[in-house]
Amino acid sequence: MTQYRSAMAAPVDLIPREERRTCLREAGYNLFRVASDDVFVDLLTDSGTGAMSTDQWAALMTGDEAYAGSRSFGELEDAVSDVMGFEHLLPTHQGRGAENVLYGHLLSAGDVVINNTHFDTTRAHVAANGARAIDCPVEVATDLSADAPFKGNLDVENARVAAAEAGAERVAAVVLTITNNSMAGQPVSVENTHAARELADDLDVPLVIDACRFAENAHFVREREPAFSDSSVAEIAREQLSYADCVVMSGKKEGLSNVGGFLALRDPELAESLKPRLILYEGFPTYGGMAGRDMAAMAVGLREAVDDDRVRARVDQVRSLGDRLRDRGVPIYEPVGGHAVYVDAGSLLTQLEPSEFPGQALACAAYLDGGVRGVELGSLAFPGTDRPELLRLALPRRTYHDEHLDHVAETFSTVLDRREEIGGLELVTDPDPPELRHFSAELRPVETGVLAD
Ligand code: F0G
């Protein structure tokens with residue numbers, strides 16, 4: 001059951017189809033280049049796009065904008081300590097700011113980082129420091145239809161082999177991304193977190209948890225890991241994070257805020273040694289990259305994040321979008337993850353080669369047919385890899401209603417009906433660096449068909 005009623009209304013319009021066609025053409029068939037006013041249901045990301053609660057809006061007004069010793073920093077520090085169990089807080093402007101501060105300090109050229117699956121900004125920060133990102137997802141994760149409870153887990157045995165091959169002394173950190181965004185938002189079990197801790201101990205390196213979606217992960221643990229079926233989300237989250245030395249957090253996800261992030265650490269010495277980089281790249285340690293009011297709102301948001309009913313409503317809403325799509329025959333990654341439904345564009349548009357960007361073609365078709373915006377995670381976003389061709393439909397938190405979900409499902413139903421008429425795309429520009437090209441590349445249809453008409 002939904003846990004909120006609207007306290008503010010933001011109007012949205014479905015612009016006419018011919019205008020959507022013009023927008024698509026003018027945007028170079030890249031939905032990152034489409035204005036949000038021209039989008040009807042925006043499922044590009046769950047990052048910073050959710051609705052804050054009335055308590056968070058009230059907290060904004062109490063923000064203390066002091067440069068040093070801000071009261072709002074103290075509130076966020078208390079929330080991080082209570083909810084996540086870490087005593088040392090380094091605030092940043094968003095998650096990637098935290099990554100820059102941490103990985104810039106931890107990594108040297110030639111190092112390796114082991115992760116269940118690196119999220120793209122994490123991978124880019126590892127590479128920017130001359131280090132190598134090694135993904136060790138469990139094998140079942142790459143089977144899009146396999147029903148397994150924790151397809152986000154780290155394959156600890158493979159990670160040990162990878163560490164031995166790289167030279168154990170070259171491993172600088174073990175990272176767990178919970179939930180695993182680059183693996184369809186799949187959860188990581190507490191048991192696997194424990195095993196990752198042992199691996200980090202054996203390698204004598206820190207265990208970092210990327211905790212962007214830690215409460216959604218805890219909800220799945222309660223549903224699927226028998227030892228935790230009677231525990232609350234708050235209890236599970238504390239238990240799971242207790243294995244980590246350090247947390248990287250984007251407050252734009254389960255800080256339930258529009259902006260902000262942080263590093264939270266156990267070791268006071270490591271926290272101290274990161275402060276010069278924090279000051280240089282983010283800001284003074286009691287505000288990092290955030291306004292005082294944003295810290296105040298995030299302090300409230302973090303506590304709301306672990307509310308059992310909030311998380312249940314959230315994960316159930318994502319699941320119900322998956323149900324609607326599956327019921328209409330749309331192939332999706334199973335089981336549905338915590339923040340998004342990942343449509344299997346490769347199976348839907350079998351006529352297209354990876355080089356014709358089936359995920360992007362599907363994204364454009366969904367925009368054209370229903371003003372729905374998702375994000376391609378396939379050959380365009382991950383050039384040179386053999387990853388599946390997926391289209392992610394991420395639901396902002398506390399934002400859309402059943403009618404929107406029905407509209408999305410109907411849109412995909414229409415797309416499905418004329419899937420054979422959907423042609424591929426080719427790059428007009430291929431910007432550097434390759435890991436970031438999908439944000440700005442321009443494309444065009446390669447042949448006549450739905451997108452080209
Ligand atoms: N880690 C993960 C797992 C993420 O999903 C993100 C952002 C970040 C780090 C970086 O955080 O955006 O605050 O700098 N993910 C967004 C997404 C952008 O759409 O999945 P940020």
Side-chain angles (χ1 to χ4, degrees), residues 31-32 36 39 42-50 90-104 113 115-128 133 135 137 141 152 154 173 175-188 208-217 240-241 244 246-264 281-282 288-290 294-295 297-298 301-302 305 318 333 337-342 359 363 373-378 380-382 390-397 399 435-436 438-439:
L31 300 179
F32 280 103
S36 78
V39 176
D42 199 350
L43 308 184
L44 187 73
T45 181
D46 64 325
S47 182
T49 48
L90 273 53
T92 60
H93 77 283
Q94 59 182 88
R96 66 200 69 184
E99 291 180 330
N100 179 32
V101 171
L102 180 69
Y103 295 124
V113 175
N115 200 323
N116 45 350
T117 316
H118 287 79
F119 177 66
D120 57 15
T121 57
T122 322
R123 190 182 307 280
H125 277 294
V126 170
D135 291 341
L154 175 79
V175 185
L176 272 186
T177 307
I178 67 170
T179 57
N180 191 340
N181 188 11
S182 300
M183 202 52 83
Q186 298 297 303
V188 174
V208 178
I209 292 188
D210 177 329
C212 289
R213 301 177 179 86
F214 73 106
E216 289 161 13
N217 198 88
Q240 188 158 33
L241 298 179
C246 172
V247 152
V248 174
M249 181 72 185
S250 166
K252 302 175 72 166
K253 283 80 170 178
E254 292 201 293
L256 306 184
S257 304
N258 300 124
V259 74
F262 56 82
L263 285 170
Y281 293 110
E282 297 292 317
M290 278 187 273
D294 293 323
M295 292 190 286
M298 199 196 294
L302 262 186
V318 176
Y333 188 106
H339 67 296
V341 178
Y342 292 64
R373 173 157 71 173
V375 69
E376 190 263 7
L377 295 174
L380 182 62
F382 302 108
L390 298 174
L391 172 65
R392 186 185 77 173
L393 304 175
L395 277 174
R397 294 172 184 79
T399 304
E435 313 89 65
L436 303 180
H438 54 296
F439 292 121

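First listed ligand is number 1; within each ligand, the first listed atom is number 1. In this chain, residues are counted from 1 in sequence order. FYI, side chains are in, hydrogens and waters are out, and symmetry mates aren't considered; it's all heavy atoms of this structure.
- Taking Thr92 as the reference, Ala98, Leu278, Glu282 meet the side-chain contact (heavy atoms from CB on, under 4.5 Å) condition, with sequence neighbours excluded.
- If you check which protein heavy atom lies closest to atom 21 (P) of ligand 1, you get Gln94 NE2, 3.3 Å.
- In terms of protein heavy atoms, atom 2 (C) of ligand 1 is closest to Asp210 OD2, 3.3 Å.
- The residue from Gln186, Gln240, Glu216, Arg213 that alone fulfils the side-chain contact (heavy atoms from CB on, under 4.5 Å) condition with Ile178 is Gln240.
- The closest non-hydrogen atom to atom 11 (O) of ligand 1, taken over Lys253, Met249, Lys252, comes from Lys253.
- Across every non-hydrogen atom of Arg96 and His125, the tightest pair is O-NE2, 3.2 Å.
- Closest heavy-atom approach to atom 19 (O) of ligand 1 among the candidates Thr45, Leu44, Thr179: Thr45.
- Using a 4.0 Å cut-off between charged nitrogen and carboxylate oxygen, Arg397 and Asp46 count as a salt-bridge pair.
- Inclusion of Gly95 in the set of residues having an N or O under 3.5 Å from an N or O of ligand 1 is warranted.
- Between Thr177 and ligand 1, no N or O atom pair is found at a separation short of 3.5 Å.
- Summary of contacts: the protein heavy atom closest to atom 12 (O) of ligand 1 is Arg96 NH2, 2.8 Å.
- Side-chain contact check for Ser257 and Asp294: no donor-acceptor pair (N or O, by modelled atom type) lies under 3.5 Å.
- Note: no N/O pair closer than 3.5 Å links Thr122 and ligand 1 by distance alone.
- Close contacts between ligand 1 and Thr121 involve ligand atoms 8 (C), 9 (C), 10 (C) [criterion: under 4.0 Å to a heavy atom].
- Of the N and O atoms on the side chains of Asn181 and Arg392, at least one donor lies less than 3.5 Å from an acceptor on the other residue.
- Atoms of ligand 1 lying under 4.0 Å from any heavy atom of Glu99, numbered from 1 in the order shown and given with element: 9 (C).
- No side-chain heavy atom of His438 sits under 4.5 Å from any side-chain heavy atom of Phe382.
- Annotation for Leu256 and Gly301: closest pair CD1-O, 3.4 Å, computed over non-hydrogen atoms.
- In terms of polar-atom proximity, defined here as any N/O pair under 3.5 Å, Arg392 does make such a contact with ligand 1.
- For Gly261, the heavy-atom gap to ligand 1 stays at 4.0 angstrom or more.
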